[in-house]
Structure formats: C-alpha cells, structure tokens
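Sequence positions, counted from 1, serve as the residue numbers for this chain. We count ligands from 1, going down the list as the structure has it; atoms in each ligand are counted the same way.
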Amino acid sequence: MASPDYVILGGGVVGLTTALELKSRHPSSTIAIVAKHLPGDRSVEYASPWAGANWSSVATDNGVQESWDEITYHKFEDLADKFPEAGVGRMELRALFDNKIEDAAVLSPATGKVWYEKLVGGLRPVSEEVLKKHGVVFGWDWNSFIIDVQKYLPWLQNEILSRGIQIYRRNYDDIRELIKDFPNSKAFFNCTGLGSYHLKGVEDKLLYPTRGQILLVENPREPIVKQYEQGGQISLNGTPLTRMHFRSPQRVHRDTTYVFPRLPGGGVILGGCRVDNSWDGEADLEFAEDIKRRCCALAPELGKPEDLKVLYHGVGLRPSRKGGARVERTIFDGYVLIHNYGAGGAGYQSSW
Ligand code: FAD
C-alpha cells in the first residue's frame with residue numbers, strides 16, 4: 001500500500017475532523033484514515049455515536065481549551081446556516097444548576113466569568129418560578145447548537161471521501177505496526193480516543209472512561225396531530241420540544257440529566273449520567289426508568305415516563321483524561337506523531 005502524506009488513526013469525530021482540517025490546509029496532500037470503527041458502527045469502544053450532542057462548553061482554562069470551543073462554535077454557525085444536511089442546528093439550551101455559581105464549575109478561575117457569555121449572545125437567567133419549580137439555585141437559557149450525530153458523522157465521512165481521502169478499516173495493537181504499514185508518510189495523527197489507554201506505544205493511563213447511558217425515544221406524537229388539526233404551525237422539530245434541557249447536580253454525577261431533541265423529528269435523546277472510571281458497556285434498564293423520570297420532570301413537554309416510546313438504549317464512554325485532552329506533536333521512533341485524544345465530554349464542541 002502506498003504511503004499517503006498523512007495517516008490518521010481513528011474514525012471518530014476527532015479523526016474525521018482532523019482529516020478535513022488537514023486537507024483544507026494542505027489541499028494537494030494525500031491523506032488516509034485508518035480505524036477499527038467508522039460512522040454507522042455502534043460499539044462501546046466508539047464514543048462518537050453515543051453523544052447527545054450539543055455545544056455547552058465545560059472549558060474554564062482561560063486558554064487553549066476555551067479557544068477550541070470558540071472556534072467550533074463559529075464553525076457550527078457556518079454549518080447550521082450553509083449545510084443543513086450536516087445535522088448541526090441552532091437551538092436554545094436551558095441549563096439548570098443545583099449549586100451556587102461559584103461551585104458550579106462554570107466560571108473560569110482566572111477571570112471569575114463564564115467565558116462564552118458574549119459568544120452565545122448572552123446568558124438569559126430563567127425565571128424565579130422555573131427555579132422554584134425545579135428546586136435549583138440558578139439557570140440560564142442561551143443560544144446553542146444541537147448536533148444530530150447520526151447525520152453529522154456520515155456527513156463528515158462523505159466530505160472526506162469527496163475530497164479524495166482514503167479510508168481503511170484496520171485495528172492496531174501497537175502504534176509501531178501502523179507506522180510500519182505506512183513507512184513513507186510524513187506524519188501520523190493519533191485520534192484513538194479511549195483506545196490510547198491500551199494502544200501499545202502510547203498506553204496513556206491518564207485516560208479514563210466517563211460512562212454515559214442514553215435512550216432514543218420517539219418524538220411525542222399527539223401534539224403534532226393536534227397542531228395539524230388546528231391548522232397551526234409545526235414547531236421546528238415536529239414536537240412541542242423547542243429547546244434542549246440540561247441539569248446536573250455536579251459536573252460529573254450519576255444524575256446528570258439532559259433532553260436533546262434531534263432535528264427534524266429525529267427522535268429525542270434522553271440522558272443520562274456521568275460516571276467516572278466505569279467501563280461498563282451494558283445499558284441498565286432499571287436505571288433507564290430513572291432517566292425517563294428525570295427527563296420528564298425536567299421537560300414536561302415529553303409527557304409521562306410510561307408513555308415514552310423507546311427506540312433504543314445505549315451506553316457510551318467519554319474519553320476523559322486527567323489534565324485534559326492531549327493535543328501534542330511528538331517524535332516517536334524518528335516519526336512525527338501528533339496526539340489528539342482525550343476530549344472527554346467535549347469531543348464535538350471542541351472538534352474544529
Ligand atoms: P471515538 O469516537 O471513540 O473514536 C475513536 C476512534 O479510534 C474509533 O474509530 C476507533 O475505532 C479508533 N480506534 C481506537 N483504537 C484503535 C486501534 N487500536 N486501532 C484502530 N482504530 C482504533 N461531546 C460534545 O461535544 N457534546 C456533547 O453533548 C457530548 N455528549 C456526550 C454524551 C455521551 C453519552 C457520550 C458518551 C459522549 C458525549 N460527548 C459529547 C463526547 C464525545 O462523544 C467524545 O468526546 C468524542 O466522541 C470523542 O471522539 P474521538 O474521535 O476522540 O473518539
């Protein structure tokens with residue numbers, strides 16, 4: 001096999017985005033993606049298909065992590081406006097917090113501010129009535145993006161193929177085997193997510209999983225029929241759900257709850273939890289009932305938990321890393337090896 005100029009190991013959102021960005025910066029270069037899992041696959045070893053997903057920055061470093069999210073926010077504006085088929089849409093997010101703002105992990109310690117307030121066009125405090133109803137301390141509505149990953153990942157893949165980037169499906173136990181297969185390539189990009197925990201030559205034990213469990217449910221139906229009967233406007237996504245909802249007692253918590261409607265009419269993602277250091281890939285059906293109850297309390301537009309029509313259950317492991325994502329150029333066995341893994345729960349919103 002001829003060696004392309006650049007080889008990317010990993011076909012998740014990070015590897016796919018890296019390929020597109022490389023091609024746009026080096027249009028005449030040859031590029032290959034090599035990965036065990038690709039868009040369309042579902043595996044607990046593949047985080048990308050399980051994300052909700054939305055843009056809700058958790059960066060507070062007053063530095064590079066915030067800038068990754070800012071760049072991506074602008075990219076999503078572009079995609080939402082010019083490429084609706086990509087599956088990225090504008091949608092308001094309502095985020096409710098159980099703690100005082102100082103304890104809610106939303107302020108950048110260096111500035112004492114929420115860094116993205118201006119970027120998103122302001123954080124609109126929710127009413128006292130809403131706070132009281134949910135028993136929370138504070139909450140905001142802001143202009144965000146929903147990413148329908150079932151559309152977005154294939155869209156990224158199509159963009160890649162249309163630019164002549166090759167895709168090979170392969171599994172590597174050792175990064176040295178990859179280099180051996182492409183000995184004349186100029187640089188290798190390691191975008192293996194949690195795979196870098198086991199990948200020989202990397203074996204980064206700072207990585208750990210943050211488990212999430214989700215359900216995809218049908219859009220509530222009755223209101224659509226009612227709206228037709230009344231000759232009214234069908235809401236944006238064909239349901240009475242016109243915004244995303246999020247609530248988490250702490251940043252990492254068993255009761256992290258979110259409701260993300262997919263556009264248009266693509267069902268609703270209900271989550272979930274954020275549990276560190278759990279590699280358990282099985283959906284817990286009893287816990288799924290708890291998710292349903294929490295989501296219906298957070299977004300009563302969903303109706304009653306017992307009426308929800310579940311299409312599937314899923315579990316994804318966010319590729320978390322102590323100290324944050326590793327985005328670093330190294331020299332390995334004389335080859336340029338650029339790491340880009342460990343995005344945790346922010347792989348989409350920081351991807352560009
Ligand atoms: P992955 O998607 O895991 O891809 C890794 C790739 O590397 C795969 O192709 C895999 O096959 C390949 N690979 C690994 N090891 C090898 C090997 N040895 N040989 C060959 N190939 C290999 N992010 C957001 O921004 N917003 C959200 O709202 C959000 N919500 C989330 C909700 C849940 C429940 C979960 C689980 C995640 C969520 N995330 C969210 C996080 C986001 O999904 C991840 O950060 C992102 O998918 C990580 O992408 P990745 O490409 O690094 O890893």
Residues lining ligand 1 [heavy-atom distance under 4.0 Å, listed by chain and residue number]: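 Contacting ligand 1 under 4.0 Å are Leu9, Gly10, Gly11, Gly12, Val13, Val14, Ala35, Lys36, His37, Glu45, Tyr46, Ala47, Ser48, Trp50, Ala51, Gly52, Ala53, Asn54, Arg170, Asn171, Tyr172, Cys191, Thr192, Gly193, Gly195, Leu199, Tyr258, Gly316, Leu317, Arg318, Pro319, Ala343, Gly344, Gly345, Ala346, Gly347, Tyr348, Gln349.
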In sequence, state the C-alpha distance, the side-chain angles, and the governing distance for Leu96 and Leu298, and then conclude on side-chain contact (heavy atoms from CB on, under 4.5 Å). CA-CA 9 Å; Leu96 302 179; Leu298 188 61; 3.8 Å; yes
Yes or no on side chain to side chain donor-acceptor pair (under 3.5 Å) for Asp276 and Thr210, after CA distance, side-chain angles and deciding distance? CA-CA 4 Å; Asp276 281 348; Thr210 302; 2.8 Å; yes
ring-ring contact (aromatic ring centres under 6.0 Å, His included) contacts touching residues 333-352 (sequence neighbours left out):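 Pairs touching residues 333-352 that pass the test: Phe188-Tyr335, His339-Tyr341.
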Establish, for the pair Arg294 and Tyr258, whether the NZ or CZ atom is under 6.0 angstrom from the six-membered ring centre and no further than 45 degrees off its axis.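 No - Arg294 does not lie over the ring of Tyr258 by the 6.0 Å and 45° rule.
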CG on Leu153 to CG on Asn158, rounded to 0.5 Å: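 So the gap between those two atoms works out to 11.0 Å.
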Rounded to the nearest 0.5 Å, what separates atom CG in Asn171 from atom CG in Leu178?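 It is 11.0 Å, given to the nearest 0.5 Å.
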